[in-house]
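Report on the following structure.
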Amino acid sequence: MSMKLDSKIPGGELEDKWSKYKFDMKLVNPANKRKHTVIVVGTGLAGASASATMAELGYKVKTFCIHESPRRAHSIAAQGGINAAKNYQNDGDSVYRLFYDTVKGGDFRAREANVYRLAEISPNIIDQCVAQGVPFAREYGGTLTNRSFGGAQVSRTFYARGQTGQQLLIGAYQSMMRQVELKQVELHTRREMVELVVIDGQARGIVVRNLVTGELESHAADAVILATGGYGNVFYFSTNAKLSNVTASWRAHKKGAAFGNPCFTQIHPTCIPYSGDHQSKLTLMSESLRNDGRCWVPKKKGDTRPPEQIPDAERDYYLERVYPSFGNLAPRDIASRQAKYRVDEGLGVGPSKVAVYLDFRDSIQRVGKKGIEEKYDNLFDMYAKITGEDPYKSPMRIYPAVHYTMGGLWVDYNLMSTIPGLHVLGEANFSDHGANRLGASALMQGLADGYFVIPYTIGNYIAGQKIPAIDANHDAFKAAKASAQERIDKLLKVKGSQTVDDFHRKLGNIMWEQVGMARNKPGLEGAIRDIGTLRDQFWNDVRVSGENNNLNPELEKAARVADFLELGELMARDALARDESCGGHFREEFQTADNEALRDDKNFCHVAAWEYTGEAAATGKKNWQRHTEALTFDRVQLATRSYK
Amino acid sequence: MGGTGTTTLNLKLKVWRQNNPQAEGHFEDYDVEGISTDASFLEMLDVVNNRLVKEGKDPIAFDHDCREGICGSCSMTINGNPHGPQRGTTTCQLHMRKFKTGDSITVEPFRAKAFPVIKDLAVNRSAFDKIIASGGYVSVNAGNAPDANARPVPKDVAANAFMAAACIGCGACVAACTNSSAMLFVGAKVSHLGLLPQGDPERERRVLNMMQTMEDAGFGNCSNTGACSLACPKEISFERIANLNSEFLRATVKNRNTSGSVG
């Protein structure tokens with residue numbers, strides 16, 4: 001196998017690469033754009049903004065989502081904010097500083113050129129969103145206000161209370177709906193992509209399942225864009241929405257798209273802890289809360305006093321103690337590990353002892369209850385509804401949970417995967433966050449990709465090669481449909497004894513224990529074995545109720561879990577192959593004396609991109625080949641990350 | 001680990017079952033035991049569904065996704081109240097500690113002519129998307145925007161616009177209204193964009209087109225009961241409808257005076 005990973009980073013100085021490249025790219029003239037169809041799968045920030053913008057340019061866009069309305073995509077749930085290098089606060093921010101913070105925050109495992117472009121575009125995103133009517137928080141004088149997020153010492157995060165993702169998504173959704181009305185976007189809801197169609201080496205369309213009728217439908221195009229989000233739900237428990245899944249990406253992976261850094265998972269430090277068997281997911285409490293909340297545990301083991309009765313001298317404000325310069329705003333990977341260390345030391349709090357406190361007492365004293373309400377009102381409400389406790393009176397109990405996946409389909413500078421014509425945006429690509437994403441950077445990346453990158457690079461692709469005319473009656477579509485149908489029939493035919501959720505929970509347990517916050521060689525080897533066994537059991541014993549010809553959420557879940565059962569193995573393989581710790585990837589064998597991640601820049605300063613090479617017919621064993629793309633740092637010096 | 005102390009409940013459920021849009025629906029009874037008071041309402045339904053699957057029966061279909069009260073997917077009426085008994089709360093954020101053991105709970109889909117049932121508790125709310133498509137936006141292409149601070153917006157105006165923009169498009173307002181009116185939904189969007197200077201150029205056109213689309217989609221007129229606002233999980237104020245009426249009147253008059261050029 002010889003997969004070639006060409007990142008296609010343009011030449012020239014870092015600061016000039018994107019503007020020079022924009023000039024060098026081929027253009028499609030306005031009259032010709034309407035002759036080209038582009039498929040977009042997913043309607044979160046990346047998918048909705050890409051659909052709207054390409055339609056504005058004149059392309060014919062066909063957009064698909066699994067939800068009953070495109071506005072339900074999971075970007076809607078992002079709480080805290082969006083970063084941009086506006087320097088409105090006059091506190092020393094700049095494009096370069098945002099670039100630097102992001103490269104460092106990602107533990108030097110992202111491409112310099114991509115990250116610089118992201119930082120460069122970031123101010124335009126805020127302009128665009130404000131012009132759409134996104135009601136960001138403002139100062140009395142009418143200008144925009146900011147707050148701080150982890151991993152930064154400037155205030156560059158724009159926000160709309162704790163509902164920033166909602167407001168940005170509604171802006172993008174409305175822009176897209178305007179194009180639906182103008183008939184530039186053809187919208188297909190309740191459709192799930194079940195196959196990617198590749199013809200003569202080019203991505204030329206998709207097969208989707210109509211989730212209401214069960215019918216398989218074929219759609220052809222000149223290029224395909226996936227904006228289908230991350231795969232955190234492989235852990236079963238995560239802060240992702242219940243329908244978030246890897247299926248579209250996985251179908252593309254099995255058709256030849258390399259998967260980049262699958263083991264890079266973000267475990268978010270502040271989530272409402274697990275409370276019992278009934279639970280279906282975990283809920284995030286925004287990182288923005290660490291602007292005003294202080295993390296602590298009792299100094300004494302087995303201290304059962306209510307938190308209010310534990311005096312300051314007997315509390316360990318551990319983030320402030322270990323990281324005096326960043327304090328409670330240490331990056332996510334670091335804050336999560338520190339919480340885990342406290343719990344491992346037996347200092348955890350609450351009934352389960354698997355939690356730490358996030359305390360607002362001092363901030364409420366400083367700015368009053370009203371001041372806190374203004375910033376976080378919906379988050380405090382949500383905490384109260386879920387736990388039945390009042391966080392204005394006693395501290396929140398929080399614990400890390402799976403939140404975001406930095407890994408994803410490998411893309412070049414054009415956001416194109418290893419399959420020509422298949423582009424991947426937002427969380428679905430492996431992109432710009434390296435081994436750890438900084439808070440408020442996901443919204444920035446999703447919108448940068450959709451509003452300001454893909455609208456240029458898609459033209460360069462379309463104008464740059466011959467794309468023969470085909471339609472959805474082509475044999476390749478028939479074959480793709482047949483293979484999708486076969487998989488659906490197979491799932492319904494098993495009629496075993498365990499539910500899809502039973503399997504999903506078991507997979508999640510293996511992933512959390514062995515491929516979660518701390519990983520080691522024997523654990524990962526065990527995980528690979530156990531996932532393989534579980535996958536065999538799934539195909540022999542899963543019970544999928546209902547039929548294929550109407551709305552059947554059990555069948556939808558089954559198909560998604562089948563893909564997670566393969567992805568989980570690849571994540572473990574990637575974690576096992578990366579003999580270093582970096583960002584959210586923490587291998588216990590590789591740590592410093594004070595338990596920080598120990599990188600190995602000599603051997604692992606690269607992106608790992610996995611190529612699926614098929615399955616052994618006799619055993620069903622999956623095979624992959626690991627390729628690497630070297631990362632070179634011309635501007636930022638590789639250094640041990642320090643937030644002390 | 002609920003702070004109020006975990007106990008379990010036994011409940012009698014009466015759930016609307018309807019196999020497809022054409023089928024006749026009916027209520028079915030389910031006895032449910034041992035539900036944790038820390039579970040959400042949807043997690044309680046998960047328990048029922050898990051049992052149904054194991055018994056080889058078709059589980060109850062319902063729309064859900066974020067389970068954090070923000071995506072707007074849940075669409076069920078619980079004991080006559082869209083999203084159930086707790087004010088300002090979506091079904092997914094309604095927790096079982098709000099119920100008592102032995103309670104009978106009736107669960108049915110949001111009912112409205114414009115929201116046809118797809119299956120069981122899942123309904124088709126694409127009429128809301130149509131309303132937005134007809135004018136619920138600012139026409140600004142990517143790349144057009146001036147600097148974000150070029151037009152100051154007073155803090156209280158931005159906050160007021162935000163309160164309207166907090167609408168999650170769930171449709172509880174429609175389900176709660178005796179006329180199945182979407183005036184609160186439309187009013188929220190007209191307020192959100194109309195309050196901001198960025199939304200001003202299309203102020204008249206927006207309200208006229210959205211009102212027309214609402215009517216065409218089969219939503220009724222405002223019933224003036226305020227039930228919509230009481231059912232709204234984001235507690236969108238009933239005053240948004242008063243504002244909508246005044247915006248509509250203003251736009252209609254202006255349209256007449258300019259021979260229909262704004263519509």
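Quick note on labels: first sequence line is chain A, next is B, and so on, each numbered from 1. Everything numeric in this text was worked out from a predicted model, so none of it was measured.
The parts of V140(B) that come within reach of chain A are both its backbone and its side chain, each placing non-hydrogen atoms under 4.5 angstrom from that chain. Using a 4.5 Å cut-off between heavy atoms, I168(B) contacts chain A through both its backbone and its side chain. Contacts between Q79(A) and chain B at a heavy-atom distance below 4.5 Å involve the side chain alone, from C-beta outward. Residue contact with chain A, scored on non-hydrogen atoms closer than 4.5 Å, involves the backbone and the side chain of H64(B) alike. For chain A, no part of M96(B) is nearby; none of its heavy atoms comes within less than 4.5 Å. Within the 4.5 angstrom heavy-atom criterion, only backbone atoms of N144(B) (N, CA, C, O) approach chain A. Only the side chain of N550(A) has a heavy atom closer than 4.5 Å to any heavy atom of chain B. Contacts of S497(A) with chain B are made by backbone atoms alone, with heavy-atom separations under 4.5 Å and no side-chain atom involved. Heavy-atom distances place no part of A164(B) under 4.5 Å from chain A, backbone and side chain included. In this structure, no portion of I121(A) lies under 4.5 Å from any heavy atom of chain B. If you measure heavy-atom distances from E547(A) to chain B, you find no contacts under 4.5 Å at all. Proximity to chain A (any heavy atom under 4.5 Å) is restricted, for K57(B), to the backbone atoms N, CA, C and O. Interface remark: V123(B) contributes backbone atoms only to the contact with chain A (heavy atom separation under 4.5 Å).
The pair K242(A)-D63(B) does not count as a salt bridge, with every side-chain nitrogen at least 4.0 angstrom from each carboxylate oxygen. The existence of a salt bridge linking E68(B) and K281(A) is confirmed by a sub-4.0 Å separation between a basic side-chain nitrogen and an acidic carboxylate oxygen. Ionic pairing of K86(A) and D147(B) is present here: one or more N-O contacts between side-chain nitrogen and carboxylate oxygen are shorter than 4.0 angstrom. For K155(B) and E139(A), the salt-bridge test fails: no basic side-chain N is under 4.0 Å from an acidic carboxylate O.
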Evaluation steps, side-chain hydrogen bond (donor to acceptor under 3.5 Å, both in side chains), between Q174(A) and K189(B)
CA-CA 11 Å; Q174(A) 288 173 179; K189(B) 188 50 60 193; 2.6 Å; yes
After noting the C-alpha distance and the side-chain angles of K54(B) and D502(A), does the key distance pass the salt bridge (charged side-chain N to carboxylate O under 4.0 Å, His left out) rule?
CA-CA 11 Å; K54(B) 290 206 160 146; D502(A) 291 339; 3.1 Å; yes
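If you check the side chains of N240(A) and R67(B), you find no donor sitting under 3.5 Å from an acceptor.
Looking only at distances, a side-chain donor or acceptor of E56(A) sits under 3.5 Å from a matching main-chain atom of A142(B). One N or O on the side chain of H192(B) and one on the backbone of G133(A) form a donor-acceptor pair closer than 3.5 Å. Between the side chain of D65(B) and the backbone N or O of L243(A) there is at least one donor-acceptor pair closer than 3.5 Å. Under a 3.5 Å cut-off, the side chain of E554(A) and the backbone N or O of P59(B) do not form any donor-acceptor pair. For R97(B) (side chain) and K385(A) (main-chain N/O), a donor-acceptor pair under 3.5 Å exists by modelled atom type.
Inter-residue side-chain proximity for S126(B) and E68(A) is flagged as unmet; no heavy-atom pair is nearer than 4.5 Å. For the pair I132(B) and E181(A), the minimum side-chain heavy-atom distance is 4.5 Å or more. The shortest distance between side-chain heavy atoms of Q132(A) and Y137(B) does not fall below 4.5 Å. Contact check for C71(B) versus H74(A): no side-chain heavy atoms found under the 4.5 Å cut-off.
No other option in A161(B), P154(B), A158(B), A165(B) has as many heavy-atom pairs under 4.5 Å with chain A as A165(B).
For the pair A131(A) and V138(B), the tightest heavy-atom approach, listed with the atom from each and the gap, is O-CG1, 3.4 Å. D129(B) and S69(A) get closest at one heavy-atom pair: OD1-OG, 2.9 Å.
No more than 12 heavy atoms of other residues, nucleotides or ligands lie within 6.0 Å of NZ in K100(B), so this atom counts as exposed by the packing criterion.
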